[in-house]
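The next block holds one structure in the form of structure tokens; read it before the comments.
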Amino acid sequence: MTKRLQQACDNAVAMWTVLGRARGHDVREHEGFVVIDGPAAVRIMLTTPDPLEDPASAAKTYQDGGRALVVEDPFGTLDLTAIGMTAHQLPVMVREPAPAPEPAGVHRVATGGDLVRAGRIVVDGFPLEHYRADDVFPPSLLEQDGPAFFTLGDAGACLTMAHGGVGGAYWVTTMPEHRSKGIGRTLMHAVLRQFDGLPVTLTAARAGKPLYDSLGFTSVGDAHWWS
């Protein structure tokens, strides 16, 4: 396991913890994993490759209760096939500090109204199921240390998180009618400029990986997302 992989994990856990609490979800910390228990689904996130408590047992309990469930294992150490879950592998990537171009037209969200518009882009363009644009990102997030939101008109949006000595990029979204026009690249330039002097981490969808490759990101591992 690399230092950067652990930092990427810690950043993601911090982001989901802040977001979960802002949404009023129940966030519970265990020895080696975190549970974010929301009305639509339960998310279990490993915080170490060798948890002292058993995340598989926790996952089985939620399954038996009929809950929708995602288990995020950035280290690839869990095997949840015995409880009928299937893993999808997504690359965890990092870009070491380096210059980035000026992102023309990108706006950092500062008001509740702009945050709703950012939420609408992410919900419709990513997409995020089970969420409405007016509640995916609660206004209280604008008052929190760590998260920040960027939009490029009505064409794209993303969330970032500062935590643990790295910057994290999440839900880098381009609306379907604006794809293949450089929107994602411009948003990522804003992310890289925001974290000037810091490594930037993300978990890439396979479709987005060529963009991140071209921006200088390299893979540090494959996260297993069990569902």
Let me confirm one number: the [atom1]-[atom2] distance from [X] to [Y], rounded to the nearest 0.5 Å.
| X | Y | atom1 | atom2 | answer |
| --- | --- | --- | --- | --- |
| Thr173 | Met175 | OG1 | CE | 9.5 Å |
| Gln89 | Asp222 | CD | CG | 5.0 Å |
| Leu46 | Phe33 | CG | CZ | 8.0 Å |
| Leu215 | Thr218 | CG | OG1 | 12.5 Å |
| Leu128 | Ile121 | CG | CD1 | 12.5 Å |
| His30 | Leu52 | NE2 | CG | 13.0 Å |

Item to check | Test log, rule ring pair (Phe, Tyr, Trp, His ring centres under 6.0 Å), inputs Phe149 and Trp171 | outcome: CA-CA 10 Å; Phe149 299 83; Trp171 294 306; 8.8 Å; no

Checklist entry - Under the salt bridge (charged side-chain N to carboxylate O under 4.0 Å, His left out) criterion, do Arg43 and Asp37 qualify, and how do the steps go? => result CA-CA 6 Å; Arg43 179 176 294 268; Asp37 188 351; over 6 Å; no

Checklist entry - Is Asp114 salt-bridged to Arg108, going by a charged N under 4.0 Å from an acidic O? => result no

Checklist entry - Any salt bridge between Arg117 and Asp154, counting N to O under 4.0 Å? => result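 So Arg117 does not pair with Asp154 through a salt bridge.
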
Item to check | Ring center gap for Trp16 and Tyr170 short of 6.0 angstrom | outcome: no

Item to check | Asp145, CG atom: more than 12 neighbouring heavy atoms under 6.0 Å | outcome: no

Checklist entry - Got more than 12 heavy atoms from elsewhere within 6.0 Å of CG, Asp135? => result yes

Under 3.5 Å, which donor-acceptor pairs link side chains of residues 186-195 to any protein atom two or more places apart or in another chain?
unit_1	atom_1	unit_2	atom_2	d
Thr186	OG1	Gly182	O	3.0
Arg193	NH1	Ala100	O	2.9
Arg193	NH2	Glu102	OE1	2.5
Gln194	OE1	Thr160	OG1	3.0
Gln194	NE2	Thr160	OG1	3.3

Which heavy atom in [X] sits nearest to a heavy atom in [Y], and how many Å separate them?
| X | Y | value |
| --- | --- | --- |
| Pro199 | Gly165 | CD-O, 3.6 Å |
| Pro138 | Leu115 | O-CD2, 3.5 Å |
| Tyr62 | Val35 | OH-CG1, 3.4 Å |

Checklist entry - Taking the inter-plane angle between the rings of Phe217 and Tyr212 on a 0 to 90° scale, is it parallel (under 30°), tilted (30 to 60°) or perpendicular (over 60°)? => result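 The arrangement is perpendicular - the two ring planes meet at more than 60°.
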
Checklist entry - Do Thr77 and Asp50 have side-chain heavy atoms sitting under 4.5 Å apart? => result no

Item to check | Any residue meeting side chain to side chain donor-acceptor pair (under 3.5 Å) with Ser180, in chain and number order, not counting sequence neighbours | outcome: none

Next on the checklist: Hydrogens and angles aside, do Gln6 and Asp10 bring a side-chain donor and acceptor to less than 3.5 Å of each other?
Outcome noted: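 Their side chains do contain a donor-acceptor pair, which is all the 3.5 Å distance test asks for.
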
